[in-house]
2 protein chains.
Amino acid sequence: MAEARNTDTRERILDVAERLFMAHGYDGTSMRQITGEAGVNLAAVNYHFGSKESLIQEVFRRRLDWLNEERMRVLDRLEAEAGGQPVKPSLIVDAFFGTLLRMAEDDARGGMTFLRLLGRTLTEPSEFIRAFLAHEYKEVMDRFKEALFRALPDVPKAEIVWRFHFMLGATSYAIAGTDALRLVTDWQIEEEDSVDRLDRLVPRLMSFLIGGLRAPLPQFDQSGR
Amino acid sequence: MAEARNTDTRERILDVAERLFMAHGYDGTSMRQITGEAGVNLAAVNYHFGSKESLIQEVFRRRLDWLNEERMRVLDRLEAEAGGQPVKPSLIVDAFFGTLLRMAEDDARGGMTFLRLLGRTLTEPSEFIRAFLAHEYKEVMDRFKEALFRALPDVPKAEIVWRFHFMLGATSYAIAGTDALRLVTDWQIEEEDSVDRLDRLVPRLMSFLIGGLRAPLPQFDQSGR
DNA sequence: CTATGATTCAAACGAACGTATGAATTGTGG
DNA sequence: CCACAATTCATACGTTCGTTTGAATCATAG
């Protein structure tokens, strides 16, 4: 019998879809745009992926599988090196967010395009994408929360979870791209060429995240509750 | 001649649109949903606002006008009290982000619904919304950037702009609602009842933001560039 | 070479969308 | 109460959407 050997069309669709979803969002990108720019027939997406929903899930899975496995590997190594002792918070943050950001330097893994897609999608998606991502992320998220709990035994767990959430938001914005950044500044783009933008973004964001994570605990209002 | 006195239909449309845009996004909300839930005729939106684009702009303007004016008033007062001296960074941050968050306690000003809409929309919107928000925010943004430049004379301006950006992201996520938070945790909702969620969110987020803003400056990689 | 299954293709489907229209209804100043 | 402007209403228009269909083409195992 004949084998499935369609790496070409499939991969071209995934690449174009990734870029268009990044630029215009899920709802804002039509199948006709995707197939048109990919130079394939309109029906190709439904043939190879089944539906538009399955397509974007595959776009994410293609990158996230490796990312989350890599995060686990890094955390495994850190915990092994610590030998029973808690891992330093900054190392945990770097294992989670640094690994993500360093993906952008590897075009073979989606580079900046996928990163920006992920950043945008974490807030905006059409319900089912959030559910999908939450499911895909559950395992790795629990591992990193646990690691932070052990690394910061004096900080209430609820506080750590919130700060993890804040870090996600800051990172999401940072990578969602300069589009959103224009809201803050118009000259930022001119000051730094796009080549070193990423090189500098990583340490910048990391300093901010660690600073926020290690900030003094908040004083809840007088009444105590 | 007869006067325009349509506060009822107009306001009902705005309220419903605000809630639906918050829940399903701009593209994900149809005119038929809006007019249906508002109990008005389908044509009412086009009659009163002209188009769907104009509608969401009015949804934002109704709340943002007051918010940004209030931010300016608070900053004016802080700078007057400082009498020429720079205002403390934490006070500037509170004037910008605290004023925003305290809006959520005032249902007459949109409450949590508008806040979550704003949080979602800052990353995701259909191009023209980002352009609209960037324009609406330009003036107040410049004022607050300038204030931070004066408050932190030793920190490079580019660094401050980035950290402002990170703070926006963290805040956006925090208020975009518990939907996104579920990605981090499943039990968070049970731990705190929704009543005090906001009371505690404000100091929590504020600690994180200040911690990030005042974090040690990043060391750019060895090579110096 | 031929048979068979995998893939591509042009065309069409029904549904949902934002908007426009013109008639009916309502409220009000003169 | 009448005339006129403001508002509401039912209905339709033209587009675009994601998906389906059935035939055409391609690649390969026997």
Side-chain angles (χ1 to χ4, degrees), chain A residues 1-60 117 121 124-129 131-132, chain B residues 1-60 121 124-132:
Chain A
M1 75 186 76
E3 286 287 304
R5 50 106 208 114
N6 47 323
T7 60
D8 198 42
T9 300
R10 265 186 70 99
E11 216 68 16
R12 199 154 64 241
I13 290 175
L14 286 173
D15 288 341
V16 172
E18 185 174 71
R19 180 166 48 80
L20 290 180
F21 285 147
M22 177 270 285
H24 309 113
Y26 177 75
D27 289 329
T29 305
S30 71
M31 313 229 60
R32 285 168 177 82
Q33 281 179 270
I34 298 171
T35 54
E37 293 203 19
V40 304
N41 189 268
L42 169 60
V45 170
N46 288 285
Y47 176 76
H48 285 284
F49 300 95
S51 68
K52 190 184 178 185
E53 293 202 359
S54 303
L55 170 60
I56 195 173
Q57 290 187 8
E58 189 55 35
V59 167
F60 277 109
L117 171 61
T121 310
E124 66 164 310
S126 311
E127 213 63 19
F128 82 93
I129 311 185
F132 167 75
Chain B
M1 74 187 76
E3 287 288 306
R5 48 106 209 112
N6 47 324
T7 59
D8 198 41
T9 300
R10 265 186 69 98
E11 216 68 18
R12 199 153 66 242
I13 289 175
L14 286 173
D15 288 342
V16 172
E18 185 173 71
R19 180 166 48 79
L20 290 181
F21 285 147
M22 178 271 285
H24 309 113
Y26 177 75
D27 289 328
T29 304
S30 73
M31 309 276 275
R32 286 167 176 83
Q33 279 178 271
I34 297 171
T35 54
E37 292 202 20
V40 304
N41 189 270
L42 169 60
V45 170
N46 288 286
Y47 176 77
H48 285 284
F49 300 95
S51 68
K52 190 185 178 186
E53 294 203 359
S54 303
L55 170 60
I56 195 174
Q57 289 187 8
E58 189 55 36
V59 166
F60 277 109
T121 311
E124 66 163 310
S126 312
E127 212 62 18
F128 82 93
I129 311 185
R130 273 213 306 279
F132 167 75

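Below, all heavy atoms of this structure are taken into account, side chains as well, without hydrogens, waters or symmetry copies.
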Distance in Å, B:I56 CD1 paired with B:E18 CD, rounded so as to fall on 0.5 Å steps: 10.0 Å
Separation of C:dA11 P from A:L42 CG (nearest whole Å): 13 Å
Protein-nucleotide distance (B:H24, atom NE2; C:dA16, atom C1'), rounded to Å: 16 Å
Cationic N near anionic O, under 4.0 Å, A:D8 to A:R12: yes
Geometric class of the B:F128/B:Y26 ring pair [parallel <30°, tilted 30-60°, perpendicular >60°]: perpendicular
Comparing A:Q33 and A:A43 on DNA chain D - which has the more 5′ nearest nucleotide: A:Q33
Length of the line joining B:Y47:OH and D:dA5:P, which is rounded to integer Å: 12 Å
Separation of atom CG in B:L20 from atom P in C:dC17, rounded to whole Å: 12 Å
Gap between atoms CD1 and P, on A:I13 and C:dC9 respectively (whole Å): 11 Å
Sugar-phosphate only, base, or nothing, as touched by A:T29 at under 4.0 Å among non-hydrogen atoms: sugar-phosphate
Spacing of B:N41 atom CG relative to C:dT25 atom C1', expressed in whole Å: 12 Å
A:S30 side chain near D:dC17 phosphate (N/O to OP1/OP2, under 4.0 Å): yes
Derivation of the side chain to side chain contact (heavy atoms under 4.5 Å, CB included) call for B:L42 and B:M31: CA-CA 7 Å; B:L42 169 60; B:M31 309 276 275; 4.0 Å; yes
Integer-rounded Å distance: D:dT11 P and B:M31 CE: 19 Å
Whole-Å distance separating the CG atom of A:D27 from the C1' atom of C:dC17: 12 Å
Nearest-nucleotide 5' precedence on DNA chain C, A:G39 against A:R32: A:G39
Below 4.0 Å: OP1/OP2 of C:dA6 and any side-chain N or O of A:H48: no
Residue-phosphate contact under 4.0 Å: A:T9 side-chain N/O, C:dT8 OP1/OP2: yes
Closest non-hydrogen atom pair, B:H24 against B:T29: CB-OG1, 3.7 Å
